[in-house]
There are 2 protein chains.
Amino acid sequence: MTDTAPHRGDRFDIAAPHRELLDQVLDKWSLAVLNELCERPARFSELRRAIPAVTQKSLTATLRRLERNGIVERVVLGTRPVAVEYRITALGKTLRPPVDIILNWIEAYLPSIEDARRRFDEAMDDEDGFGR
Amino acid sequence: MTDTAPHRGDRFDIAAPHRELLDQVLDKWSLAVLNELCERPARFSELRRAIPAVTQKSLTATLRRLERNGIVERVVLGTRPVAVEYRITALGKTLRPPVDIILNWIEAYLPSIEDARRRFDEAMDDEDGFGR
DNA sequence: CAGAATCCTATTAGATACTG
DNA sequence: CAGTATCTAATAGGATTCTG
């Protein structure tokens, strides 16, 4: 369902698999999870505590997706009170530098961008009601 | 609505503005638009032709968002049969290197990731029905 | 040409309850 | 503990129609 699933006009979009991967790896919760797992392996419940805003459902989905893409590894520890640990893989670690670079870009330019937003929003207010 | 809009459990998520910006700048169509505008300014209809899969509604929304964030600039050319040109801004250009770096990462590791997906999907087929 | 407005559907994601 | 299952609310996005 995920791969090779062009949903209509996509045959001209050569970058479609790239976009898809980008979405799967930089999606809403993946970065937070990656950030945790880059420091140390963590259990499911530890991740929930580390990322309070994520729901269990979304966390499960995020981990599955990352696991499927070979970015994280799911390790069943004991079978008694079932324990599962998530670890970043070697492949996952290669993701760190590029991600850090965008995060640094954001860090650097967020103020400029917030300025731009303010200017835009004020300009909208001025010619309010109609305009544009 | 966009900035400083914590939608419930987000008060602990210090990276929220970062995530939001990431979503606005690397979203589904933004990269395609950026890619076009980095080469040359383009008119609305040119962008539609260059990115056949985008609808007019989504393209409009994408351009507005990029404009609001100061990434692209909207220039009204003539007022007769109205002509509008979109250009990348200086701020927008700074986005190029980091984006290229992730795209290069994708280019480099997509095969490994597709392998991982295959392994994952096959493992799922094996313990089919139950398991996990 | 460059959109705005409207309608409508599909996918996402939250809340909630339950289980090996 | 580490999830699965279900239901529902919100949202994104496509198709279509209309306009300065």
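All values derive from a computational prediction rather than experimental measurement. Naming: A, B, ... by sequence-line order, numbering from 1 per chain.
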Go through C/dG14, D/dC1, C/dA2 for me and flag the one nearest to the B/Val84 side chain.
-> C/dA2
Distance (rounded to the nearest 0.5 Å) between B/Leu21 CG and B/Leu26 CG = 8.5 Å
Going by heavy atoms in the side chains, are B/Arg48 and B/Gln56 under 4.5 Å from each other?
-> yes
Axis-to-axis angle between the two ends of the helix from C/dC1-D/dG20 to C/dG20-D/dC1 (five base pairs per end, rounded to 10 degrees) | 50°
When clusters are formed by joining ILVMFWY residues with side-chain heavy atoms under 4.5 Å apart, either directly or through shared neighbours, do A/Ile88 and A/Leu77 land in the same one?
-> no
Among the candidates C/dA15, C/dT16, D/dG14, find the nucleotide nearest to the side-chain atoms of A/Gln56.
-> C/dT16
Nearest 0.5 Å please: distance from the CG atom of B/Leu37 over to the CD atom of B/Glu85.
-> 9.0 Å
What nucleotide, of D/dG3, C/dA15, C/dC7, holds the atom closest to the side chain of A/Lys57?
-> C/dA15
What nucleotide, of D/dG3, D/dG14, D/dT6, holds the atom closest to the side chain of B/Trp29?
-> D/dG14
side-chain contact (heavy atoms from CB on, under 4.5 Å) with B/Leu22: which of A/Ile106, A/Asp27, A/Val99?
-> A/Ile106
With the side chain defined as heavy atoms from C-beta on, B/Thr60 is closest, among D/dG14, C/dA2, C/dA4, to C/dA4
Could you tell me the separation between the CG atom of B/Leu66 and the CZ atom of B/Arg74, rounded to the nearest 0.5 Å?
-> 13.5 Å
Is the phosphate of C/dA13, meaning OP1 or OP2, less than 4.0 Å from a side-chain N or O of A/Thr55?
-> no
Of all the nucleotides listed (D/dG13, C/dG14, C/dA2), which has the minimum atom distance to the side chain of B/Phe44?
-> C/dA2
